[in-house]
Amino acid sequence: MSEARRRCSNYRAITVSDDDAPTTTGNAANAAELDDATGDGLLASGLAAEKANRLAKIDALRSAGANPYPYRFDRSHTLVELRALHGGLEAGTETDFEVAVAGRVMLMRDSGKLVFATMRDRDGEVQLFVSKAVVGDAAFEAVKDLDLGDWVGVHGTMMTTRKGELSVKVQRCELLSKAVRPMPDKWHGLTDTDTRFRQRYADLIVNEEARRAFRIRHEIIASIRRTLHGRGYVEVETPVLHVEAGGAHARPFVTHHNALDMQLYLRIALELHLKRLIVGGMERVFEIGRIFRNEGISTRHNPEFTMMELYQAFADYSEMIEITETLITQAAIDATGTSLVTVYGPDAQVDVDLAQPWRRARMIDLVAEATGVEVHPSQPVEQLRALAADHGVQPAPQWGSGKIIEELFEATAESSLLAPTFVTGHPVEISPLARQDRHDPFLTERFELFVGARELANGYSELNDPVEQRARFEDEQAAKEAGDAERGTVDEDYLRALEYGLPPTGGLGIGIDRVAMLLAGVHSIKEVILFPTLRPEQS
RNA sequence: GCCCCUCUAGCUCAAUGGUAGAGCAGCGGACUUUUAAUCCGUUGGUUCAGGGUUCGAGCCCCUGGGGGGGCACCA
């Protein structure tokens with residue numbers, strides 16, 4: 001990873017958080033004049049001087065009738081395309097192949113009457129070979145006047161240098177956008193996490209790893225869409241503003257609609273609306289969307305994050321397990337070219353081939369394995385309370401047997417689940433929307449996928465009996481009224497939908513950010529969220 | 001909410017309680033095959049903020065702020 005960084009992040013970008021004087025073009029001209037007046041650079045330097053310098057260049061360009069911010073540039077090739085076409089050229093080759101390319105000036109090497117510059121566009125790089133004899137004196141001076149970070153468009157021919165570096169022999173160079181701020185260090189990039197996350201633009205300019213992580217994220221989402229479209233799923237969009245924040249146990253963000261004068265919640269899950277669509281007969285639906293949970297921020301949690309949920313009529317949880325494996329394994333192949341991943345757990349790592357079958361184990365069996373004691377939600381709560389106490393879990397008075405088993409699982413077994421593991425058979429008490437296990441009425445046909453001791457996905461055979469669903473909701477509401485803020489309420493409209501008939505249905509939710517973390521090999525969710533939630537910057 | 005760490009030039013980093021430095025960037029100069037170009041010269045600081053201790057604080061103490069990590073929380 002550090003090698004990758006050394007190899008790829010060697011560009012200076014900028015990052016300035018100080019509120020340096022917002023200089024206008026006119027002021028820049030004044031500053032430049034002042035500079036001239038005082039002779040040799042006695043004026044203050046640093047960021048303010050650098051900006052004044054560059055703004056003065058903009059003034060000079062405009063005075064000469066040039067536009068430092070032209071409207072468009074028509075390029076003939078991207079830099080990746082150039083390399084594909086000409087990457088095989090022998091050292092010291094000149095061609096008459098004409099190109100027009102555009103990108104940002106990342107590096108410049110001035111050796112007298114030649115200037116070498118490194119230009120980068122979205123996915124590639126190329127060297128610009130600028131000869132004074134070719135472009136003429138005035139244009140050559142204009143190139144020398146470019147600053148690192150400027151956007152340029154170039155017309156020229158393809159060549160390689162004596163050392164074999166693929167280059168565009170520049171005939172004409174056009175400034176496409178003048179950068180007024182200097183880029184961060186060309187070799188070290190940005191390391192300050194605060195700056196990296198606040199000024200993601202600067203991070204993306206200089207840190208190849210950051211660009212790579214977001215590329216992977218994109219490929220994952222594209223892959224999931226492809227797989228689901230191929231299986232006949234319809235992509236839908238359901239409301240973000242909810243009257244009731246249901247479908248999960250979490251504290252919601254609260255907002256207010258002025259015209260309706262009503263309190264609304266940002267959604268904490270997609271589930272209940274999507275299942276209404278199955279009632280409506282859509283059979284296979286999915287949504288990839290942002291959800292919001294008003295809880296802590298950590299390396300694994302951001303208040304807003306991205307969930308993919310799908311529902312499929314006539315399926316049950318075993319089919320959901322199969323599709324979970326397929327979606328994630330295919331995403332790995334599409335995003336990284338391999339199903340091999342290194343899974344980083346809290347204090348260990350393991351190499352895994354996602355293409356191999358994933359372990360499945362019931363939650364109660366994992367607890368038994370970890371504690372040496374058989375557990376089951378049918379047991380009296382007192383027994384389980386004692387066991388919990390033995391393992392450092394302090395049960396709240398309102399917890400039933402099922403909740404205690406889940407807490408025991410989290411305390412004793414969860415941290416060991418590095419390789420992909422489907423934990424199944426969650427107690428009914430903690431699964432108000434899941435259907436009872438067909439063989440054990442105390443358990444549900446539910447699974448959660450753990451990788452690296454982190455929950456990545458959750459799915460079940462959906463509860464479709466409206467009478468039982470009402471009873472489950474009422475239990476939720478009772479718990480909420482007893483003081484558990486994260487519990488749910490009775491969603492009458494959802495119950496009405498169930499009364500119209502929800503077919504047998506399997507459902508699945510996948511935490512996209514966590515899958516992106518896994519496949520990008522990063523340890524913080526902030527590395528896969530372009531603009532993570534931060535406190536506002538101080539003025 | 002609690003605990004620990006951290007904040008120095010535009011960026012990356014130094015600096016026993018004793019004159020705040022370097023590399024890169026910038027500025028001036030040399031160079032027609034460089035590639036983190038090289039070479040010569042050079043500008044640039046409210047050391048996060050505010051208090052305190054001290055003859056003297058970037059450094060020690062207190063308060064506050066940003067960020068990171070951990071805990072709690074997060075089905």
Side-chain angles (χ1 to χ4, degrees), chain A residues 6-7 9-18 20 35 40-54 91-92 106-118 125 127-134 140 147-149 159-165 167 169 181-198 202 206 247-251 268-269 293-303 305 346 363 402-403 406-407 409-410 426-427 429-434 446 448 454-455 458 476 484-488 523-524 526 534-538:
Chain A
R6 227 178 306 123
R7 237 182 304 112
S9 69
N10 45 344
Y11 294 111
R12 162 125 348 169
I14 185 172
T15 286
V16 181
S17 48
D18 305 12
D20 25 272
D35 204 2
D40 32 23
L42 290 181
L43 216 65
S45 87
L47 177 60
E50 176 64 10
K51 289 173 68 174
N53 230 329
R54 297 189 184 199
M106 300 305 295
L107 290 170
M108 286 219 282
R109 300 173 287 281
D110 172 355
S111 65
K113 298 187 178 62
L114 279 184
V115 168
F116 302 91
T118 304
E125 288 180 355
Q127 175 167 269
L128 304 181
F129 179 99
V130 190
S131 161
K132 188 173 185 175
V134 171
F140 193 68
D147 289 290
L148 300 188
M159 61 168 281
T160 50
T161 62
R162 287 175 198 166
K163 295 275 177 61
E165 182 75 31
S167 306
K169 186 173 188 179
R181 247 170 216 270
M183 292 196 294
D185 190 281
K186 68 182 179 187
W187 186 241
H188 300 97
L190 272 178
T191 61
D192 181 60
T193 49
D194 184 14
T195 311
R196 287 189 50 232
F197 299 149
R198 264 183 219 292
V206 291
H249 287 163
R251 290 167 197 264
I268 59 172
R293 295 187 181 176
N294 202 342
E295 281 153 2
I297 294 176
S298 77
T299 51
R300 295 164 298 280
H301 300 86
N302 197 65
F305 61 104
M363 181 180 279
K403 174 70 172 168
E406 181 195 33
E407 295 285 335
F409 163 74
E410 290 179 6
H426 299 59
E429 177 186 347
I430 57 166
S431 312
L433 300 163
R446 177 179 175 190
E448 288 180 304
R454 287 194 286 258
E455 182 196 340
N458 179 23
E476 284 291 298
D484 189 343
E486 286 160 11
R487 299 299 281 274
H523 298 83
S524 168
K526 292 186 174 73
L534 298 173
R535 283 200 170 83
E537 198 169 358
Q538 288 186 270

What is the distance, to the nearest angstrom, from the [atom1] atom on [X] to the [atom2] atom on [N]?
| X | N | atom1 | atom2 | result |
| --- | --- | --- | --- | --- |
| A:R300 | B:G68 | CZ | P | 14 Å |
| A:K163 | B:A36 | NZ | P | 10 Å |
| A:R181 | B:C11 | CZ | P | 9 Å |
| A:E50 | B:G28 | CD | C1' | 15 Å |
| A:F129 | B:U32 | CZ | P | 12 Å |
| A:H188 | B:U12 | NE2 | C1' | 5 Å |
| A:D185 | B:C11 | CG | C1' | 5 Å |
| A:Q127 | B:A36 | CD | P | 10 Å |

Say we look at [N] and [M]: how far apart would their [atom1] atoms be, to the nearest angstrom?
| N | M | atom1 | result |
| --- | --- | --- | --- |
| B:U19 | B:C62 | C1' | 29 Å |
| B:C7 | B:A49 | C1' | 12 Å |
| B:G44 | B:G51 | P | 27 Å |
| B:C4 | B:A75 | P | 29 Å |
| B:A14 | B:G21 | C1' | 7 Å |
| B:U53 | B:G70 | C1' | 32 Å |
| B:A9 | B:U47 | C1' | 10 Å |
| B:G58 | B:G45 | C1' | 11 Å |

- Query: Does a donor on one side chain sit under 3.5 Å from an acceptor on the other, for A:H426 and A:E406?
  - Reply: no
I need the minimum non-hydrogen distance between [X] and [Y], along with the two atoms involved.
| X | Y | answer |
| --- | --- | --- |
| A:G402 | A:E429 | N-OE1, 2.9 Å |
| A:F140 | A:L114 | CZ-N, 3.7 Å |
| A:A202 | A:L190 | CB-CD1, 3.8 Å |

Is there a donor and acceptor pair, one atom on the side chain of [X] and one on the base of [N], closer than 3.5 Å?
| X | N | value |
| --- | --- | --- |
| A:T191 | B:U12 | no |
| A:E165 | B:U34 | no |
| A:D192 | B:C11 | no |
| A:D194 | B:G68 | no |

Of all the choices, [options], which nucleotide is nearest to the side chain of [X] once you look at every atom?
| X | options | value |
| --- | --- | --- |
| A:L534 | B:A75, B:G68, B:C71 | B:G68 |
| A:K526 | B:G68, B:U32, B:G70 | B:G68 |
| A:L47 | B:U34, B:G69, B:G10 | B:G10 |
| A:R446 | B:A75, B:U34, B:U33 | B:A75 |
| A:L114 | B:U34, B:A75, B:U33 | B:U33 |
| A:D110 | B:C31, B:U12, B:G26 | B:C31 |
| A:S111 | B:G70, B:A36, B:U32 | B:U32 |

- For A:E407 and for A:K132, locate the closest nucleotide of RNA chain B by heavy-atom distance; then report the residue assigned to the nucleotide nearer the 5' terminus. A:K132
- Determine, for A:R251 against A:E295, whether the closest basic-nitrogen to carboxylate-oxygen distance falls under 4.0 angstrom.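 Between A:E295 and A:R251 there is no salt bridge, as every charged N stays at least 4.0 Å from the carboxylate O atoms.
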What contact category does [X] fall into here, base, sugar-phosphate, or nothing, at under 4.0 angstrom with non-hydrogen atoms?
| X | answer |
| --- | --- |
| A:T193 | sugar-phosphate |
| A:K169 | nothing |
| A:G247 | base |
| A:E455 | nothing |

- Message: Applying side chain to side chain contact (heavy atoms under 4.5 Å, CB included) to A:T299 and A:K526, what does each step give before you reach the verdict?
- Response: CA-CA 7 Å; A:T299 51; A:K526 292 186 174 73; over 6 Å; no
Report yes if at least one side-chain N or O of [X] is closer than 4.0 Å to OP1 or OP2 of [N]; otherwise report no.
| X | N | result |
| --- | --- | --- |
| A:T299 | B:G70 | yes |
| A:R198 | B:G67 | yes |
| A:R162 | B:U32 | no |
| A:R535 | B:G67 | yes |

- Message: Could you go through A:E455 and A:E410, starting from their C-alpha distance and side-chain angles, then the distance that decides it, and tell me whether this counts as side chain to side chain contact (heavy atoms under 4.5 Å, CB included)?
- Response: CA-CA 11 Å; A:E455 182 196 340; A:E410 290 179 6; over 6 Å; no
- State which residue, out of A:T191, A:T193, A:D192, fulfils the side chain to side chain contact (heavy atoms under 4.5 Å, CB included) condition with A:T195.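 The side chain to side chain contact (heavy atoms under 4.5 Å, CB included) with A:T195 is passed solely by A:D192 among A:T191, A:T193, A:D192.
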